[in-house]
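Okay, so here's the structure we're looking at.
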Amino acid sequence: MTDLNKMYASMGIGDAVYEYGSKILEKLKKRFDEIDETAEYNQLKVVRAMQECRVSEACLVGTTGYGYNDLGRDTLEEVYAKVFHTEDALVRPQITCGTHALALALSGNLRPGDELLSPVGRPYDTLEEVIGIRPSRGSLAEYGVTYRQVDLLPDGGFDFDKIRRSINQRTRLVTIQRSKGYQTRPTLSVARIGELIAFIKSIRPDILCMVDNCYGEFVETAEPGDVGADMTVGSLIKNPGGGLAPIGGYIAGTKECVENAACRLTSPGLAKEVGASLGVLKDLYQGFFLAPTVTAAALKAAVFAANLYEPLGFAVVPDSSESRHDIIQAITFGRPDAVIAFCQGIQAGAPVDSHVTPQPWDMPGYDAQVIMAAGAFVSGSSIELSADGPIRPPYAVYFQGGLTWQHAKFGILKSLQALLDGGIVSEEALRLGAV
Ligand SMILES: *Cc1c(COP(=O)(O)O)cnc(C)c1O
């Protein structure tokens, strides 16, 4: 046994799991090199933006009260706009989460009588109440904004004919979700998002295209703003916060779209001028600086998990070899006990709260019970190693994050160990899978 071997053994990873994991990893060197190269490009992109915007020590200090002339806040928004290749950005601790950022982008840019179109199928669960697909207090539907949806084709392609027929005079905004979210459809690449935006603009150039970029930031060298998105929206407790942002969301887009969203966040007339940054700016800057390499760690984790579980007979999306456009790995177990064991294994590998055992519960915004593993420094952060699964068929877990690759590897091995200990996979399967 090597020292490393012994270290894993002391932390509950048995020989069978360790050996199997090592065999799988040997095959992933080239993939990992490619991920590192993307991270290198994106690291330079972020540093260049920070230099060009003249980020200074004074930017790291926050304001209180109204927050007028907050240099750090305004400069950070310039940095985001440069990196996402947009005219402007709204990056605020007052944006409480990704859903809030998306709700601001939508409600700020839609007016009564307008129609919202999703040409990529059902949106993320929490947006159903924002839009009013599931009736909810304060939804867009209550304000007279209607919604239409075109599903992806069975092969994951865009249904261009149906999209064309669904666009009418009232269509004002198109929402494109990059990541699969809680579905097993493929995630959209930035190139495919560009193709869809070009198609929509060819029908009516004045239709606004918004991309829900959650989990997609820094996975590729391009972002939706590079392919014509009017708004790119996401959460700071996912990729762009780099694990350090304690809260926040962003909307990067055209001047007008960002101004409209800011009028919703603060107030008409005040828009971006108010909003004290308090003490969080240093973490937002440093987190953004770290985000490319943190995203790379999370991406390696997702690739490793796919390659680990696929040979054991579980359906994985994306599969072990396909290209990646977000950091989420879906693994379909087909049985609830496996979803629970997987999440409990991830939790047992966490730096925080490793001693607690997660259970399924009714979460606000979701229509089924959900089990979540999140032993995170920032509560609910899903750029940190985390897993969640709605307890409903097909009993899939959605696994994401990992601030360091080394920690993510440990957590994933813990999940497999939990499945082995629970009798859901056998040592025999690990031996067969390793060949
Ligand atoms: C996480 C996520 C959201 C919502 O973000 P929260 O911070 O959980 O509110 C929206 N869309 C997608 C695709 C997401 O992954």
Side-chain angles (χ1 to χ4, degrees), residues 90-107 116 118-131 133-134 136 138-140 149 152 174-190 192-193 210-219 223-224 229 231-243 245-252 261 265 284 287 295 298-299 302 317-318 324-330 363-367 370 372-374 376 378-390 396-401:
L90 187 67
V91 185
R92 301 288 170 114
Q94 287 82 12
I95 302 179
T96 56
C97 61
T99 304
H100 187 194
L102 289 156
L104 288 171
L106 291 171
S107 58
L116 167 68
S118 171
V120 296
R122 196 166 71 83
Y124 193 75
D125 286 43
T126 59
L127 283 192
E128 293 191 339
E129 288 187 71
V130 171
I131 296 168
I133 301 171
R134 272 186 287 142
S136 192
S139 69
L140 290 171
Q149 176 178 315
L152 294 172
V174 164
T175 176
I176 302 168
Q177 184 179 308
R178 177 171 175 180
S179 170
K180 69 181 85 56
Y182 281 147
Q183 295 172 59
T184 44
R185 67 144 166 108
T187 285
L188 304 176
S189 66
V190 172
R192 288 193 66 210
I193 290 170
M210 179 188 90
V211 176
D212 175 350
N213 206 31
C214 282
Y215 291 127
E217 298 90 353
F218 298 124
V219 171
E223 296 292 343
M231 283 186 282
T232 302
V233 184
S235 162
L236 300 198
I237 62 169
K238 294 178 179 172
N239 309 15
I247 191 171
Y250 77 92
I251 300 167
L265 174 65
L284 300 198
T295 301
L299 210 47
V317 180
R324 300 270 158 170
H325 310 290
D326 69 9
I327 62 166
I328 301 186
Q329 182 62 49
M363 263 191 73
Y366 296 84
D367 67 357
V370 180
M372 295 204 155
V378 171
S379 178
S381 167
S382 49
I383 186 61
E384 298 187 52
L385 190 68
S386 50
D388 35 82
V397 294
Y398 299 82
F399 155 85
Q400 65 273 312

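Predicted, not measured: the structure shown is a model, and the values here were computed from it. Ligands are counted one by one from 1 in listed order, and the atoms in each one are counted from 1 as well.
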Query raised in the report: Would S139 and E129 count as having a side-chain donor-acceptor pair, cut-off 3.5 Å?
Result: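 Not at all, the side chains of S139 and E129 share no donor-acceptor pair under 3.5 Å.
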Requested in this report: Could you verify whether a donor N or O on one side chain and an acceptor N or O on the other, from S382 and Y215, lie under 3.5 Å apart?
Outcome: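 Distance-only check passes for S382 and Y215.
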Query raised in the report: Residues in salt bridge (Lys or Arg N to Asp or Glu O under 4.0 Å) with D326, at least two apart?
Result: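 Once residues adjacent in sequence are excluded, the partners of D326 under the salt bridge (Lys or Arg N to Asp or Glu O under 4.0 Å) criterion are K180.
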**Report entry** For R185, salt bridge (Lys or Arg N to Asp or Glu O under 4.0 Å) partners two or more places apart
**Finding:**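 Result, salt bridge (Lys or Arg N to Asp or Glu O under 4.0 Å) vs R185: none returned.
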**Report entry** Test side-chain hydrogen bond (donor to acceptor under 3.5 Å, both in side chains) applied to Q94 - qualifying residues, sequence neighbours left out
**Finding:**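 Scan of Q94 (side-chain hydrogen bond (donor to acceptor under 3.5 Å, both in side chains), adjacent residues dropped) gives none.
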Query raised in the report: Within the side chain of Q149, is there an N or O that forms a donor-acceptor pair under 3.5 Å with the backbone of P119?
Result: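 Here the side-chain-to-backbone pair does not exist.
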Query raised in the report: With hydrogens left out, which residues have an atom under 4.0 Å from ligand 1, given that only heavy atoms count?
Result: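 For ligand 1, the residues that come within the 4.0 Å heavy-atom cutoff are C97, G98, T99, L102, Y124, Q177, D212, C214, Y215, S235, K238.
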